[in-house]
Amino acid sequence: MTSLSLGVATDGTPLTLDPKALTTHGFVLGMTGSGKTGLCAVLVEELLAQGIPVIAVDSKGDLGTLLLRFDAMDTTSLAQWTTDAGAAAAQLANALAQSGRALDQDAAVRASYEARLYTPGSTVGLPLDLLGTLAPPAQGDTDAINGAADGVARSLLGLLGVEIDPLTSREYLLLVQLLTTAWQQGQTPTLVDLVRQVNQPPFAVVGALPLEDFFPQRERQGLMIRLNGLIASPKFQAWRTGDPLDPEVLLRAPDGRPRLSIYSVAHLPDEERLAVVALLLERLQGWMRRQGGSNALRAVLLIDEIFGYFPPSPANPPTKPPLIGLLKQARAFGVSVVLATQNPIDLDYRGLANIGTWLVGRLQTEQDKARIRDALVAAATATGVTASELETQIAQLQPRQFLLHSVHRPKPSILKTRDALTILRGPFSEDELRAVTAPMKAQVGAARVDAGGGGSAGAAPTAVGPGAAGGAAAAAVAGAVATGAVGAPTAAPGVGGAGASLTPPLVGLEPELGPIYEVDRGVAQLFLLLKFGVRYRVGTAASEETIHELAFPTEQALTPGEVLEHAPFSVNGVPFQATPPPGVTFAATPSWVQSLKLVKLQGAIKERLPSKLETKLLVDPTTKLISGPTESLEAFTARVVAKEAVAKTSQTLLRTLERKRADLAQMEREITSRKAQKWLDVGAGVLGLFGGRRSTLSAASRAVSSHRMQGGAEAKLEDLQVEVRQLEAQVAATKDVDPRRFTEQLVVPRASDVQILRLCWAFIVP
């Protein structure tokens, strides 16, 4: 394996890096415009030329240009991606000369590897099946299982937008125990299995508490429904389509060639981005542990823009634990992690301590320069470089110049990167991304997933879950299906009454709005079926999520917004089916329904629904707990008494009270001491007066000063006594909860706390 040709030193001599140096991981730092992305592109080109596969996590959308590798003479291809094909050809020819390869050699390199661009959660690029099988870690030891379960639970809850605390989050602790239980028993659950087990776990105790005390079933159903929505919603079908999220697939083509797999997450919101990157890191860590040890470089994970993935403590996103694990362990398996960012503060310094090769480019602020200088001094102590020398070198860096420090090199050097063999032209538009990935889709037979402008095609989602109690009946609600699957011929007018028909007059609707049917006979009216979960917040406290399923009549509505203005009725537990039962005819539907787009309807609901959910809640000022919207006074009082927060509050108050009492006793002793000293000084002054001694004046001054200090201390003493009495009253209050201390508050939920779980048409016989 030859060295990686990155560029030239300041004296013009080639500057290379032994691939083995990257087994101790790499760090690329530089402000916008420093040439950081170009350096990463050069590094990837060199690694692929050596037959080393690369997984590149692309957070900004820049790395997709690594696919634009063309022959410098191929001006036709170049013209498709740049406005000046001639200049691009000259740049590529110059880069080729700098790399030391001829045209035919470069052609052989381009043919020696396969490139893929994946867009998890989207079918614009190649999709990935992230939510299929939840495979256990290769190593069956407790630490590996616990670490993998932590990553999966964090990722799934991240996709749901649930913030977690590993010590107190019931959702997190339940998912972790479900996963560890399955894996310890040698099982490989699917996401559907996990959803079912949320409702009926295969254990009765969590920690030291009975399951029903820790997380009652009626409350677990909220989590179950949200997870079920994740796998049932057509929006999330892209998460379950395409190649499996398997590092073996990402790193090697079926014919054994190395792969460049660009894992693009620029299109995702922050929560989903963290979740899907964490899943990748967990899978990579599991794959790595299945490999034997290696002294040679086997694979490289490059993360361009580490911001948000590996922040300093105490922040702990789901990506951080597996990253720490990779940085500590991957070297032994020949796997390298290369992290790139614009600011050194984006990286936890525990990570820097495990990185042996640094490439530092231009920095914008003096604080960044000082941070990286100090870190470099600590890392490069064996080279004898001083802080002032490093500071001077960093300050003088020009664009595309980097200070290279490696534990495998005798001292830091200044590197000017060579030109990239890629057209570096910034992020792709969506249309360009489709164009550049079209040949890949054709090759893997995945073009069908992009039919209809990027909509998800494939198997319908499977919805699971028990029937909810209450409502008109108790049964499960079936998943919505597309209209085209249930009915076809044109309606026969006049059957069953004026304007009625044999088949629902809803043709060509989006799958999310396909109808479901209540089992009954007669003339069915069209209703909008809306299932949603809602939480209420007062300050930092939040209620448990409650689930509602309502049917809104459409017959009198003239616009989508007006649907919500008519009184709905609850259909919690009403049995629905996916095909119309025999003997049912359908009333005419409003004209606006036929042309309605889902996004318009969702917009109307999100805008109007929260204000209609206003309710009064009980608030406990001591524990800061709030009641649920349907929780009785007795149930809330019992929860306040039983809640651990009461005990914690009481213990905190007791500790504070003990400290204040100690302060009070100390202050009383000091005041007593000052009183004694004051009378000693007064006595000394009186004696001096009779004796004619010159110390009379100073003794009297001390007495006056002591009197003043005593007066100030006594005022503080009174304040402290009042504070102690108040704390004693609060401690007494926590021991005996009096419902009269609760206050009632009118609360409107935030738009972000109202989650739409189901939205479809329902034909119901009133």
Side-chain angles (χ1 to χ4, degrees), residues 3-43 46 98 297 302-307 310-312 327 331 336-420:
S3 296
L4 308 176
S5 177
L6 302 181
V8 296
T10 51
D11 60 2
T13 58
L15 202 156
T16 60
L17 187 68
D18 188 336
K20 289 184 179 180
L22 287 181
T23 58
T24 53
H25 313 304
F27 177 47
V28 182
L29 174 67
M31 60 179 282
T32 300
S34 64
K36 174 170 58 68
T37 301
L39 173 57
C40 289
V42 168
L43 181 61
E46 289 293 316
Q98 292 177 12
L297 185 59
L302 167 67
I303 303 181
D304 185 20
E305 197 47 67
I306 195 66
F307 174 74
F310 201 19
L327 288 171
R331 176 184 181 183
S336 170
V337 178
V338 178
L339 308 177
T341 190
Q342 297 181 20
N343 303 102
I345 195 63
D346 295 338
L347 183 65
D348 191 304
Y349 277 83
R350 286 181 296 171
L352 283 178
N354 286 282
I355 295 176
T357 298
W358 298 23
L359 288 152
V360 180
R362 295 184 73 191
L363 299 174
Q364 186 170 11
T365 68
E366 294 302 321
Q367 293 91 331
D368 285 346
K369 293 176 183 177
R371 286 191 191 99
I372 204 64
R373 177 204 61 205
D374 295 341
L376 270 172
V377 168
T381 49
T383 66
V385 181
T386 65
S388 60
E389 290 174 328
L390 286 172
E391 188 170 19
T392 301
Q393 290 177 318
I394 293 172
Q396 293 177 349
L397 291 173
Q398 299 301 310
R400 294 181 55 193
Q401 283 189 338
F402 290 83
L403 178 65
L404 169 61
H405 159 69
S406 176
V407 295
H408 306 278
R409 297 175 61 85
K411 64 178 182 178
S413 305
I414 301 296
L415 159 73
K416 182 176 182 180
T417 60
R418 68 165 175 81
D419 290 341

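Just so it is clear, the values below take in all heavy atoms, side chains as well, and ignore hydrogens, waters and symmetry mates.
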K.L.:
Looking at side-chain heavy atoms only, is the closest gap between Arg400 and Asp419 below 4.5 Å?
P.N.:
yes

K.L.:
Using the side chain to side chain donor-acceptor pair (under 3.5 Å) rule, collect all pairs that involve residues 22-31, keeping only residues at least two apart or in two chains.
P.N.:
Thr24-His408

K.L.:
Is there a side-chain contact between Leu29 and Asp368 (heavy atoms, below 4.5 Å)?
P.N.:
no

K.L.:
Closest heavy-atom contact between Asp346 and Phe307?
P.N.:
OD1-CD1, 3.3 Å

K.L.:
Should Leu15 and Val8 count as side-chain neighbours, where that means a heavy-atom distance under 4.5 Å?
P.N.:
no

K.L.:
With sequence neighbours left out, write down each residue that passes side-chain contact (heavy atoms from CB on, under 4.5 Å) with Asn354, or none if nothing qualifies.
P.N.:
Leu327, Lys328

K.L.:
Look only at the side chain of Arg362 and the backbone of Gly33, and say whether a donor-acceptor pair between them is shorter than 3.5 Å.
P.N.:
no

K.L.:
Run the salt-bridge test on Glu389 and Lys411 with the 4.0 Å N-O cut-off and return the result as yes or no.
P.N.:
no

K.L.:
For Leu22, is there any backbone N or O sitting under 3.5 Å from a side-chain donor or acceptor partner on Ser336?
P.N.:
yes

K.L.:
If every non-hydrogen atom of Leu347 is compared with every non-hydrogen atom of Phe27, which pair is closest and at what distance?
P.N.:
CD2-CE1, 3.7 Å

K.L.:
Under the side-chain contact (heavy atoms from CB on, under 4.5 Å) test, which residues partner Thr13, sequence neighbours left out?
P.N.:
Ala9, Asp11

K.L.:
Given the rule in the salt bridge (charged side-chain N to carboxylate O under 4.0 Å, His left out) test, do Arg409 and Asp18 qualify, once you have shown the distances and angles that lead to the verdict?
P.N.:
CA-CA 10 Å; Arg409 297 175 61 85; Asp18 188 336; over 6 Å; no

K.L.:
Please determine whether side-chain contact (heavy atoms from CB on, under 4.5 Å) holds for the pair Val28 and Leu302, giving the CA-CA distance in whole Å, both sets of side-chain angles, and the decisive distance to 0.1 Å.
P.N.:
CA-CA 10 Å; Val28 182; Leu302 167 67; 5.9 Å; no

K.L.:
So, do Leu404 and Thr357 sit near enough that their side-chain heavy atoms are less than 4.5 Å apart?
P.N.:
yes

K.L.:
Would the distance check show the side chain of Gln396 and the main-chain N or O of Ile394 forming a donor-acceptor pair, the cut-off being under 3.5 Å?
P.N.:
no

K.L.:
What is the minimum heavy-atom distance between Pro312 and Asp348, and which atoms define it?
P.N.:
CA-OD2, 3.6 Å

K.L.:
Between Thr32 and Gln342, does a side chain to side chain donor-acceptor pair (under 3.5 Å) hold up when you go through it step by step?
P.N.:
CA-CA 7 Å; Thr32 300; Gln342 297 181 20; 3.2 Å; yes

K.L.:
Can you tell me how far the OG1 atom of Thr16 sits from the CG atom of Leu415, to the nearest 0.5 Å?
P.N.:
10.5 Å

K.L.:
Say you draw a straight line from CE of Met31 to CG of Leu397; how long is it, rounded to the nearest 0.5 Å?
P.N.:
11.5 Å

K.L.:
Less than 4.5 Å apart, side chain to side chain, heavy atoms only: is that true for Lys36 and Asp304?
P.N.:
yes

K.L.:
Are the side chains of Gln393 and Ile414 in touch, meaning some heavy atoms are under 4.5 Å apart?
P.N.:
yes

K.L.:
Does Trp358 reach the side chain of Ile372, with side-chain heavy atoms less than 4.5 Å apart?
P.N.:
yes

K.L.:
Mind listing the closest non-hydrogen atom pair of Ser5 and Gln98 along with its distance?
P.N.:
OG-O, 4.3 Å

K.L.:
Side chains of Leu6 and Thr417: does their closest heavy-atom pair fall under 4.5 Å?
P.N.:
no

